[in-house]
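In this text, all values refer to a predicted model and were calculated from it rather than measured experimentally. Hydrogens, waters and symmetry mates are skipped; everything else that's a heavy atom, side chains included, is used.
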Amino acid sequence: MLFFSYWLPSMDGMMRKTLIHFPISETMMIALLFMICTVILYNLMKICIDKLFIKDEIQRANALKEFSHDVSQSLRINEIMDKMVRLLRDSLDIQKIFVFVQNTKDQDYDMAYSLSPLDNRSFKLDHKNPLIKYLESNHECLLMSDFQCMTVYRSMWEEEKNQFAVMHTDCFIPLNDDDTLVGVVAVSLPAGKRNFSFDDLSFLSSISSICSIAVKNSRLYEQAYYEARTDEMTGLYNRKYFYEILEKEYSRCEGRSLALIVFNMDDFRLYNQLYGTKEGDLALQRTARAISSCVGDNGYTTRYSSKVFSVILPGYDMLAAKNLADTIRRQIMHINDNTNDKILKVLTMSIGISSIPYTASSISELIDTADMAVFNVKRKGKNGIMLAAGGQIMRDTQTYRNTEQGHEHREEIYSAYASTIYALTAAIDTKDHYTFNHSKNVAYYASELAYATGLDADTVEIIREAGLLHDVGKIGIPETVLNKPGKLTEEEFEIMKNHVESSVGIIRYLPSLEYVIPAVIGHHERYDGTGYPRRIAGENIPLSARILCVADSFDAMISNRSYKDAYSVDFALREIEKQEGGQFDPKLAGLFIQLVSSGKIKVQNEEENAAQNA
């Protein structure tokens, strides 16, 4: 106003000369200029006052806003605490910061974070400490000077008082999740400054409120994350997380071994029938505790399925895994000894062990070979341990047993399910004699190739049985499609493809033969992933199915069919060689060609086909 009073006469004369041709009021023009100058002057004064008087408050408000935004997007308590420590360090003149977080084991508060990595982190606050009790009921920052005047401080042990004295604590900041105190932040000022201002305490309270909400969300997330990867009954890792762990450890096992132990409880259905499902659940829990206590921090214990447990052991070889499995097996046999109210049946385990790189070269092979070992224990009488045989392809064919030794050993194999298998194959023969002979030939080729890969006799027998049953589903294929002389239409080919699911549908009603299903369902998969029915590729296809694929294709090519004449053996071997890495596993294809070419595998229907062609 003083400015305008001084310059008003000069402005009036200037406007009369300049605006003589414009019908505008001098008063309006002066008012407009006054408003513009006032706005400019106001903003300049505001900037000056902000810089002189409320700079720190603005910076804190902005830092608090940014902190609130950051922690609202974080669900990891470690990240939340780290951001809080950095905010306190940057916004207040603080010498030391100690963060105590409640653990889930004994509910005490362990020191988890500090401002300096050189700080002593051995301090611990007991959950019965008077300070903890006070902060649980009063969700406000507490000055040490005020706390020392309270009765609860005098009730503390001298050791606890000395602990705070060593930490030079000036203020405690509670971190609450509703009525639960999940953490305590202890801060101290430099030696020259021993008091917090009112604004400092308001700032600390704001941090506490924001951090408490973030901690609550973090605990909810961690609880959901824990429940998603653990089994509710036993507390072990569940099947989903089992595969995640296995993938992670497989990627890290370069240059070292990775063992897998599979524990399958024997006769657990009978156990439930004898004592009830409640006692069965208790048995599962006791078994889980026994396994996990033996494994400890050396590996990962999971509940693979209802009565199957698995242990992943990074760095373990087959012998070390076997010793651990035997210790666990013996403990489980005695876990019911302390049940005083009733005499319970002894629990036993059928255990299979496999290891990378000794008996498997991939995750799928690791699981398949361990499962196969379990199945062989079941067949041999249960309550035992079996090491998986080499699942990798043996490149040196000189180690392969000669044909006569193979036949002699095969004659010693006893299959308790031979009558069931031959009843099913006889049913096929009544409808299609080719399928019956083809199944016998595939069983022979597949078992010989399986021996050459280094698989044990029991696993070879399973593959032989899979060869006999792999086409049992063709019982349901119409004869017009099964024996059509020409090329199948797309619709007819889709019908023919269904024989795989039909075969599995028949076999699954025979629990004793369930382990042939992986080979049967995968024998039309291709190594390049373009097969059917699941379109899986490479080593994701079970080894038994890859073996069956080679045997099945070879016999199909050298056999007479309604729609083609038999091809020569040389032609069939050339086709197998062409399809290495396409339809066939390249290692298996190369090994099969060597075995046929050297005469170690005898072609079964070569003379019969030659006579028919003549």
Side-chain angles (χ1 to χ4, degrees), residues 71 77-78 80-89 91-191 193-216 218-219:
V71 298
I77 194 168
N78 294 352
I80 295 170
M81 296 301 175
D82 183 62
K83 293 179 186 296
M84 181 189 65
V85 168
R86 285 192 280 114
L87 175 63
L88 291 172
R89 179 195 62 194
S91 301
L92 295 173
D93 187 13
I94 291 180
Q95 183 181 23
K96 289 183 178 296
I97 302 174
F98 300 99
V99 182
F100 297 88
V101 178
Q102 186 180 38
N103 62 53
T104 57
K105 185 178 180 181
D106 54 14
Q107 304 302 310
D108 289 340
Y109 294 79
D110 300 323
M111 185 181 294
Y113 308 91
S114 65
L115 187 59
S116 172
L118 300 179
D119 290 331
N120 183 3
R121 298 193 179 187
S122 62
F123 292 136
K124 182 177 182 178
L125 295 177
D126 190 279
H127 67 280
K128 297 179 180 178
N129 190 302
L131 172 68
I132 299 300
K133 297 298 182 182
Y134 179 85
L135 293 177
E136 282 180 347
S137 56
N138 298 274
H139 300 175
E140 296 179 354
C141 297
L142 176 63
L143 292 175
M144 187 65 182
S145 57
D146 295 338
F147 183 52
Q148 289 174 335
C149 298
M150 297 179 181
T151 306
V152 292
Y153 177 78
R154 298 188 183 94
S155 66
M156 292 174 58
W157 298 103
E158 287 300 321
E159 183 180 351
E160 295 173 329
K161 295 178 182 179
N162 292 334
Q163 178 178 331
F164 293 135
V166 171
M167 293 166 58
H168 303 289
T169 304
D170 292 309
C171 184
F172 299 101
I173 308 170
L175 302 176
N176 298 92
D177 178 5
D178 293 332
D179 295 331
T180 303
L181 184 69
V182 297
V184 178
V185 183
V187 297
S188 60
L189 294 171
K193 182 181 179 183
R194 303 307 302 171
N195 293 314
F196 283 98
S197 67
F198 176 79
D199 291 336
D200 292 339
L201 292 176
S202 298
F203 182 66
L204 292 175
S205 296
S206 299
I207 293 177
S208 174
S209 300
I210 295 171
C211 209
S212 296
I213 296 172
V215 167
K216 178 180 180 180
S218 173
R219 285 165 66 92

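Here the CD1-OG distance, from Ile213 to Ser208, works out to 10.0 Å after rounding to the nearest 0.5 Å. Here the OG1-CG distance, from Thr169 to Leu143, works out to 12.0 Å after rounding to the nearest 0.5 Å. In this structure, the separation between CE on Met111 and CE on Met167 is 4.5 Å, given to the nearest 0.5 Å. Interatomic distance, Ile97 CD1 to Cys171 SG, rounded to the nearest 0.5 Å: 11.5 Å.
The residue from Phe164, Phe98, Tyr134 that alone fulfils the ring pair (Phe, Tyr, Trp, His ring centres under 6.0 Å) condition with Phe172 is Phe164. With Leu131 as the partner, the side-chain contact (heavy atoms from CB on, under 4.5 Å) test is satisfied by one option alone out of Tyr153, Tyr109, Phe147: Phe147.
Looking at residues two or more places apart in sequence or on another chain, you find no salt bridge (Lys or Arg N to Asp or Glu O under 4.0 Å) involving Lys133. For Asp126, the salt bridge (Lys or Arg N to Asp or Glu O under 4.0 Å) test picks out no residue, with sequence neighbours left out. Here Asp82 pairs with Arg86 under the salt bridge (Lys or Arg N to Asp or Glu O under 4.0 Å) rule; sequence neighbours left out.
Pairing each heavy atom of Pro130 with each of Met156, the nearest pair is CG-CG, 3.5 Å. Residues Ile132 and Val184 come closest through the heavy atom pair CD1-CG2, 3.9 Å. Looking at every heavy atom in both residues, Pro174 comes nearest to Asn138 through CG-O, 4.5 Å. Across Cys211 and Met84, no two heavy atoms sit closer than the pair SG-SD, 3.5 Å.
Residues Leu181 and Gln102 are not in side-chain contact: their nearest non-hydrogen atoms beyond the backbone lie 4.5 Å or more apart. Side-chain contact between Leu204 and Leu88: present, with at least one pair of heavy atoms (C-beta onward) separated by less than 4.5 Å. Contact of the Met150 side chain with the Leu142 side chain is registered, since non-hydrogen atoms from C-beta on lie closer than 4.5 Å.
Under a cut-off of 6.0 angstrom, the local environment of CD in Glu136 is crowded, with over 12 non-hydrogen atoms contributed by other residues, nucleotides or ligands.
Between the Ser209 side chain and the Ser205 main chain, a donor and an acceptor come within less than 3.5 Å of each other.
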